[in-house]
Structure formats: C-alpha cells, structure tokens
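Notes follow once the structure below has been shown.
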Amino acid sequence: MLWLALACPVAAQSREYKVRHQHFRHGGEGILVIDADAISFEEHGKQAKHSRQWRYDDIQQLVLSPETLKIVTYEDQRWELGRDRVYVFDRLPPEFARDWYPVFASHLDRRFVAALADEKVKPDWRIPAKLIHGRGGSEGVLLAAASTVVYMSNRPGESRTWRIGDIENVSSSDPFDLTITTRERAFRFQLKQVLSEARFTDLWRRVNRANGLQILISNHSTGERQ
C-alpha cells in the first residue's frame, strides 16, 4: 500500500536506478533511466542486447507496483508467434512508485496501470470485498471517491488505483456483486456488504460521463440491476 503523490519534483529531472531485469531464468543487472520524455534501460554483461529506450508513445502498457515496473511494448517476440515483448524490472528503491506515479499517469492515460493503493483517498463510501480470479482471489476493501476508485489489499500485486476516466464500465448483477472493467481487464468483486442502488448508479454515471457518453435519466437505459 502506498500514498500516491499528487505533485512530483522529479518529473522534470532525469533519474537513474540500479535495478534487475527479470529473465526467464534469474535476471540481469542494469541501469534504468527515467525522465519526463522517455524510459531507457542499459543491461550489463552477456545480455547487453536487452538494452532499450522507449518514448512514452512506444509503450503499450505500463504496470507500476511498489515492487516492480512492467513495460509491455509493441515489439514482437518471434519465438512466441509475435507476442508483444514484456520487460519486468524489480529491486526498485522504496520511493520509486511514489515519485513516478504522477509522471506515468500524465503520460500514459489508460495504458498506465497503478497496481497499488492510494491510502490518502477520502472515499464517499467503502465496502469490504473479495477480488475473484481463477480458482481463488484476494480480500481487501473497495473505496470510491469523486474521481478515484481504489481496491486496497494486503496481497502483493492485487491492489489497484483507478481514476474514473481509466474505467471503461461498471456492472452489477445483484447488491453483492460489482465488476469494474478497464483496459487491463475486468475485475469482479464479491462484496461483503450491500452496495446500494444509489451508490451504484452514481458510480455508473460518473464513469460514463468520463467516457463522454450522454446520460439518460432512466434506470432502464442504464442497465442497472432491477
């Protein structure tokens, strides 16, 4: 869990970090350099060919967590039938995510995934919930504020912070169910308390306004649960 700074003095500076690039086996040490225009990585040793530079337009998706930085590129991997190449860096310093969150958020729109929780958000409501995926899931709490939705979990990699504009859709089949659909994927939550019709409708309207859709004041037109 992490406080996401609203302003960042490093945004106009170039910063270097000694990190590890995860390989299929083990990993390679190198230098990660980030500024307001690009991200580059220079790997040392036998795998120097892994060195790259990406301008923000070259990044298909960037996932930031307190432990790792994941960059999905448009580069094809020939031996995986053209699958997009992914670079994952770990051994980040403790302040890394806090410092660079606002820069990535401003440059990457929905391509940016904040895999961490903003503990400073002041929610309009909060509901304990289980995030369902595969045969299991994680437990935590959902917090909804005017411009942000947060899922806060103690399990590494599970937390998320979404700006309302990052959410493509919200849906619900009953008062104990909520699905949040983003560019990354759909997140289905089993709620431990009732999500009222009024709260769901308000969230649905804010998401759709952010997506530029005209809201019709009709329950039937919104597809809300009956």
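What you see below is based on every heavy atom in this structure, not just the backbone, and it leaves out hydrogens, waters and symmetry mates.
Distance alone, capped at 3.5 Å, places no donor-acceptor pair between the R199 side chain and the A144 backbone. A distance-only check finds a donor-acceptor pair linking the side chain of T73 to the backbone of R85 [under 3.5 Å]. Judged by distance alone, with hydrogens and angles left aside, the side-chain atoms of S51 form a donor-acceptor pair with the main-chain N or O of E43 at under 3.5 Å. Under a 3.5 Å cut-off, the side chain of N211 and the backbone N or O of I167 do form a donor-acceptor pair. The backbone N or O of R55 sits less than 3.5 Å from a side-chain atom of D58, completing a donor-acceptor pair. No donor-acceptor distance shorter than 3.5 angstrom exists from the side chain of S172 to the backbone of L178, with no hydrogens or angles considered. No donor-acceptor distance shorter than 3.5 angstrom exists from the side chain of R126 to the backbone of V141, with no hydrogens or angles considered. Counting only distance, with no hydrogens or angles, the side chain of R91 and the backbone of K18 share no donor-acceptor pair below 3.5 Å. Listed for the R155 side chain is a donor-acceptor partner under 3.5 Å among the backbone atoms of G137. Listed for the T148 side chain is no donor-acceptor partner under 3.5 Å among the backbone atoms of R163.
Across every non-hydrogen atom of P66 and L116, the tightest pair is CD-CB, 3.9 Å. Nearest heavy-atom pair across L131 and R188 is CD1-O, 3.5 Å. When all heavy atoms are compared, the tightest approach of A145 to K122 is CB-O, 3.7 Å. Nearest heavy atom pair, residue Y56 against residue D35, reads OH-O, 2.8 Å. The two atoms that bring L69 and L92 nearest to each other are N-CD1, 3.8 Å, heavy atoms only. Here the closest non-hydrogen pair linking V19 and E29 is O-OE1, 3.4 Å.
A heavy-atom distance below 4.5 Å is found between the side chains of K70 and V86.
Residues F189 and L203 share a single hydrophobic cluster, defined by chaining ILVMFWY side chains whose heavy atoms lie under 4.5 Å apart. Residues V63 and V103 do not share a hydrophobic cluster, defined by chaining ILVMFWY side chains whose heavy atoms lie under 4.5 Å apart.
For the atom pair CD1 of I132 and CD of Q190, the computed distance is 4.5 Å after rounding to the nearest 0.5 Å. The CD atom of E16 sits 11.0 Å away from atom CD1 of I34, with the distance rounded to the nearest 0.5 Å. Here the CZ atom belonging to R185 is positioned 6.0 Å from the CZ atom belonging to R160, to the nearest 0.5 angstrom. Here the straight-line distance linking atom CG of L64 with atom CZ of F96 works out to 6.5 Å at 0.5 Å rounding. With values rounded to the nearest 0.5 angstrom, R111 atom CZ is found 12.0 Å from F104 atom CZ. Note: E139 CD to K192 NZ = 3.5 Å, rounded to the nearest 0.5 Å.
Partner of L143 under the side-chain contact (heavy atoms from CB on, under 4.5 Å) criterion, out of D124, T161, V150: V150 alone.
The ring of F41 has its center no closer than 6.0 angstrom to the ring center of Y87. Between F187 and Y151, a ring centre-to-centre spacing not shorter than 6.0 Å is recorded.
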(message) Working note: R183 + D166, criterion salt bridge (charged side-chain N to carboxylate O under 4.0 Å, His left out); need CA distance, chi angles, decisive distance, verdict.
(response) CA-CA 8 Å; R183 191 173 188 267; D166 296 331; over 6 Å; no
(request) Test D99 against R15 for side-chain contact (heavy atoms from CB on, under 4.5 Å), laying out the working first. (result) CA-CA 10 Å; D99 287 347; R15 297 284 296 273; 4.3 Å; yes
(request) Step by step, work out the side-chain contact (heavy atoms from CB on, under 4.5 Å) result for I39 and L62. (result) CA-CA 11 Å; I39 300 172; L62 185 148; 3.7 Å; yes
(request) Kindly determine whether V149 and I164 satisfy side-chain contact (heavy atoms from CB on, under 4.5 Å), including the steps that lead there. (result) CA-CA 7 Å; V149 177; I164 290 296; 4.0 Å; yes
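Counting heavy atoms of neighbouring residues, nucleotides and ligands inside a 6.0 Å radius, atom CD of E67 exceeds 12 of them.
The cationic atom of R98 (NZ for Lys, CZ for Arg) does not lie both less than 6.0 Å from the six-membered ring centre of Y101 and within 45° of the ring axis.
The aromatic rings of H21 and F89 lie tilted to each other, with the angle between the two planes from 30° to 60°.
In summary, K120 and D118 do not engage in a salt bridge, as defined by a charged side-chain N under 4.0 Å from a carboxylate O.
The closest side-chain donor-acceptor pair between E158 and S138 falls under 3.5 angstrom.
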